[in-house]
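Below is one structure, written out as structure tokens, with a few remarks after it.
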Number of protein chains: 4
Amino acid sequence: MRKIDPIKHEKKRQEILAAAKRCFLRSGLSGASTAQICAEAGISPGHLYHYFESKDAIIAAMADARLEGTSERFKQDVYGGGSVISALLSEIEEQPANPAQSALFFEMLAESRRNPEMAKILHGRSRSMRNLIAEVIRHGQAQGEIQPELDPETAAMAIFGLMDATKAVSLHDPKQDIKKITALFKLLVDRLLSSDAKTAKPSRARKSAQRSRSA
Amino acid sequence: MRKIDPIKHEKKRQEILAAAKRCFLRSGLSGASTAQICAEAGISPGHLYHYFESKDAIIAAMADARLEGTSERFKQDVYGGGSVISALLSEIEEQPANPAQSALFFEMLAESRRNPEMAKILHGRSRSMRNLIAEVIRHGQAQGEIQPELDPETAAMAIFGLMDATKAVSLHDPKQDIKKITALFKLLVDRLLSSDAKTAKPSRARKSAQRSRSA
Amino acid sequence: MRKIDPIKHEKKRQEILAAAKRCFLRSGLSGASTAQICAEAGISPGHLYHYFESKDAIIAAMADARLEGTSERFKQDVYGGGSVISALLSEIEEQPANPAQSALFFEMLAESRRNPEMAKILHGRSRSMRNLIAEVIRHGQAQGEIQPELDPETAAMAIFGLMDATKAVSLHDPKQDIKKITALFKLLVDRLLSSDAKTAKPSRARKSAQRSRSA
Amino acid sequence: MRKIDPIKHEKKRQEILAAAKRCFLRSGLSGASTAQICAEAGISPGHLYHYFESKDAIIAAMADARLEGTSERFKQDVYGGGSVISALLSEIEEQPANPAQSALFFEMLAESRRNPEMAKILHGRSRSMRNLIAEVIRHGQAQGEIQPELDPETAAMAIFGLMDATKAVSLHDPKQDIKKITALFKLLVDRLLSSDAKTAKPSRARKSAQRSRSA
DNA sequence: CATGAATGAGTATTCATTCAT
DNA sequence: TATGAATGAATACTCATTCAT
């Protein structure tokens with residue numbers, strides 16, 4: 001009569017997911033086999049399918065969890081009193097420290113071209129983060145702190161792209177000092193948002209684009 | 001006992017490489033099988049190993065050829081009367097139009113973490129491009145057209161990173177207008193290099209940072 | 001420490017058996033999994049083994065129940081005032097309407113060659129039906145209504161075989177009108193049993209070969 | 001430069017097919033694994049797929065070959081101077097001697113309900129054999145040797161069904177004397193075709209329904 | 001009586017690679 | 001130079017069955 005215990009089930013699922021993530025980080029999306037994942041999770045091959053219906057489902061769940069984590073952290077940063085810029089930068093500063101994570105992310109990005117499920121997950125998460133950035137920019141524009149000519153959507157996409165740029169950079173040259181790059185990117189974002197260097201009020205913007213509470 | 005004709009041999013090798021690239025673009029690095037490549041190249045499976053000692057060798061050769069192409073085109077742009085900026089932008093503007101190429105590139109980037117051969121190729125090509133950018137920046141700084149505080153290596157890496165950002169952006173949202181993003185990136189690079197955004201003349205930099213020396 | 005209630009137990013067993021039969025009809029003997037059966041019966045996988053010791057046991061029980069049903073109906077027809085012929089024909093007329101049942105039956109027949117348990121069940125039920133037919137024939141011969149040269153065992157087997165022929169026919173061409181075939185088979189049986197085709201009175205046999213004794 | 005030798009290829013294919021058939025006869029359609037088939041054929045698991053694209057393709061090829069054999073032999077019998085009846089009976093007499101073959105056949109018949117490929121093969125072969133029988137009947141009717149009221153299509157199907165009946169009979173009771181049954185079936189067919197026992201000229205037909213050359 | 005967790009051998013199939021000709 | 005035959009380990013996944021609770 002003992003009914004299913006959803007807490008235990010979910011816990012095991014998360015354990016397996018964590019094991020899977022370690023495998024994917026180690027061997028890549030297609031390099032990691034279900035056998036490896038089972039071994040890492042300490043379960044039998046058949047048991048894996050008690051929790052996930054396919055390897056693709058594991059990949060999807062892992063990708064979703066990972067991006068949700070990033071997205072959530074980002075949201076916290078933005079709403080938690082920081083500026084868009086600092087939120088962006090905290091993200092930029094965290095990821096590149098882990099090239100394995102970056103590599104896995106790029107595999108997911110590549111995968112999204114062939115796997116519609118992956119595309120849905122990735123595009124969805126990506127869009128929500130960009131929407132958040134765009135919203136903050138609009139808010140800043142309303143306050144006169146961000147130059148009004150800037151298209152919020154485009155700027156959001158560009159800023160978002162810098163996160164991936166940072167990841168790429170860390171893979172292009174693992175030994176370099178990523179701090180310098182992020183500092184430069186910070187400068188770039190700062191200037192982008194500022195009420196335009198060419199048009200009079202340049203210095204104000206640099207310290208302005210924060211305060212965004214909205215949701 | 002026929003001696004091999006090195007010219008014919010090399011020609012066939014290139015044909016196979018081209019076929020392989022089509023397969024990799026279509027199905028991904030691990031998704032494309034040697035059987036597919038042979039079919040695409042119109043040769044028998046055994047014959048493939050007459051030209052390449054393994055699938056990894058094909059991937060390496062393909063990656064090398066692809067990056068050499070990019071690098072060479074970039075060099076042409078820089079030396080061919082254009083500015084670093086325009087060279088960078090022509091690269092930025094070309095790639096994202098082809099998400100398949102972008103995806104393949106990111107797969108190569110990810111692969112470089114696990115495959116030392118791939119790492120050697122990718123890091124080498126990446127470094128030589130960044131060196132070129134850095135050199136141009138130094139030249140510009142000597143001429144007083146680029147702000148002197150800028151660390152050329154760091155700036156080069158940042159600019160280089162924007163190429164990958166553009167690729168990533170095109171995969172994050174395939175439907176968007178990539179032109180707008182590249183225009184924004186162009187503006188960013190422009191401001192980064194210009195003697196100083198705060199000091200009015202940003203446009204000069206655009207046509208200045210050219211003419212560097214030989215490789 | 002509850003004692004089991006044999007009535008409830010048997011009821012549940014029958015429910016599972018019914019569920020299993022639906023699965024076998026849908027997916028075939030080896031195509032239906034125990035998981036499917038459990039789902040169809042609304043029980044957990046472990047619980048299945050409380051009622052049956054193996055999948056083979058389920059198949060055996062299902063086969064036995066099915067054949068017992070056929071056999072019983074047949075007996076009813078024979079004893080219930082009808083003739084052997086009409087009993088046979090009612091069976092013939094009912095089954096082919098359901099190709100799924102026919103297919104399942106043939107799978108059981110094939111299985112009987114490899115599975116001794118299945119062979120025992122199938123041969124037993126088959127024999128008892130044929131014995132019944134043979135007995136009726138003997139009775140008819142004693143009455144002078146069925147030609148005396150006919151070997152009752154052989155004739156019984158032949159008549160019995162026509163049932164399977166009807167099933168086979170319906171699978172060979174699902175779209176055809178099975179009524180025509182059964183009418184023809186009826187005619188054949190009629191002629192076979194009649195005192196002699198050559199001696200004019202064939203119609204008498206039709207209503208004659210009834211009334212036999214108990215099992 | 002050695003081009004493919006289609007004869008050797010086909011020979012090997014037939015060898016594998018023969019091995020597969022032995023496995024299917026031994027273990028059944030779903031009971032025989034590709035691993036078993038490979039072992040029986042003396043090839044590696046991967047090599048099987050050099051000759052067949054799937055297990056289903058093997059089954060289909062085997063089924064087709066088997067039915068083609070039956071059909072061809074039947075055609076020979078009919079055109080080779082014998083009567084329809086003797087052709088039918090030679091088929092009837094051959095198969096039941098091998099219950100394994102009968103069992104396999106019934107598995108194919110059952111499979112045809114779920115597998116459209118199998119249905120196509122089986123229905124096609126079945127139809128062509130029935131067409132042949134019907135044609136012979138029509139010829140006999142034109143000659144006045146077969147009763148004219150008989151619908152040739154229906155009669156053909158019924159006669160065809162008797163083949164399967166014989167197979168079924170041999171599985172229902174493997175120990176019995178199949179000769180007696182076939183003799184009885186012969187009698188049935190004979191009477192069916194004869195110009196009707198009830199309507200005057202009965203004896204002629206019995207020795208008549210031969211001579212059929214037509215195609 | 002009943003659950004769902006867990007097993008592990010087994011499934012068809014793929015694939016990079018080698019070999020004989 | 002070139003072929004297609006052949007390999008065998010590996011792949012994702014299934015399934016009847018057992019076990020702890």
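Lettering of chains follows the sequences in order, A, B, ..., and the numbering in each one begins at 1.
- For D:Lys8 and E:dT21, the NZ to C1' distance is 8 Å, given to the nearest whole Å.
- One atom, CD1 of A:Ile58, and another, C1' of F:dA12, lie 10 Å apart when rounded to the nearest Å.
- Taking atom CD1 on A:Ile16 and atom P on E:dT7, their separation rounds to 10 Å, with Å as the unit.
- B:Arg114 and A:Glu107 are joined by a salt bridge, as a carboxylate oxygen and a charged side-chain nitrogen come within less than 4.0 angstrom of each other.
- Residue contacts for B:Leu48: at a heavy-atom cut-off of 4.0 Å it reaches no nucleic acid atom on any strand shown.
- Paired runs in DNA chain F that reach 3 or more consecutive Watson-Crick or G-U pairs, where each pair keeps both distances under 3.5 Å, cover E:2-21 with F:2-21.
- Taking CG from B:Leu122 and CD from B:Glu117, the interatomic distance works out to 12.0 Å, rounded to the nearest 0.5 Å.
- Applying the salt bridge (charged side-chain N to carboxylate O under 4.0 Å, His left out) rule to pairs touching residues 23-38 of chain B yields B:Arg26-B:Glu40, sequence neighbours excluded.
- Of all heavy-atom pairs between B:Ser54 and B:Tyr49, the closest is CA-CE2, 4.0 Å.
- Where A:Ser54 and D:Tyr51 each meet DNA chain F at their nearest nucleotide, the meeting point lying more 5' is that of D:Tyr51.
- For C:Tyr49, no side-chain nitrogen or oxygen approaches OP1 or OP2 of F:dC19 to under 4.0 Å.
- With a 4.5 Å cut-off on side-chain heavy atoms, D:Ile16 and D:Arg13 do not count as touching.
- In the set F:dG4, F:dC13, E:dT13, F:dG4 carries the atom at the smallest distance from any side-chain atom of B:Ser44.
- Distances shown here put a side-chain N or O of B:His50 below 4.0 Å from the OP1 or OP2 atom of F:dT1.
- With E:dA6, F:dA6, F:dA16 as the candidates, the nucleotide lying closest to the side chain of C:Lys55 is F:dA16.
- Within residues 28-42 of chain D, the residues that place at least one heavy atom under 4.0 Å from DNA chain E are, in residue-number order, D:Ala32, D:Ser33, D:Thr34.
- Residues forming a ring pair (Phe, Tyr, Trp, His ring centres under 6.0 Å) with A:His123 (at least two apart in sequence, or on another chain): none.
- Heavy atoms of C:Phe52 sit nowhere under 4.0 angstrom from any nucleic acid atom.
- For residues 48-63 of chain B, no pair satisfies salt bridge (charged side-chain N to carboxylate O under 4.0 Å, His left out), with sequence neighbours left out.
- Distance, A:Glu53 CD to F:dC13 P: 9 Å, rounded to whole Å.
- In terms of phosphate contacts, B:His9 brings a side-chain nitrogen or oxygen within less than 4.0 Å of OP1 or OP2 of F:dT1.
- The two residues B:Glu111 and B:Leu29 come nearest to each other via the heavy atoms CB-CD2, 4.3 Å.
- With sequence neighbours left out, D:Phe52 forms a ring pair (Phe, Tyr, Trp, His ring centres under 6.0 Å) with no residue at all.
- Comparing B:Gly46 and C:His47, the nucleotide of DNA chain F nearest to each residue sits closer to the 5' end for B:Gly46.
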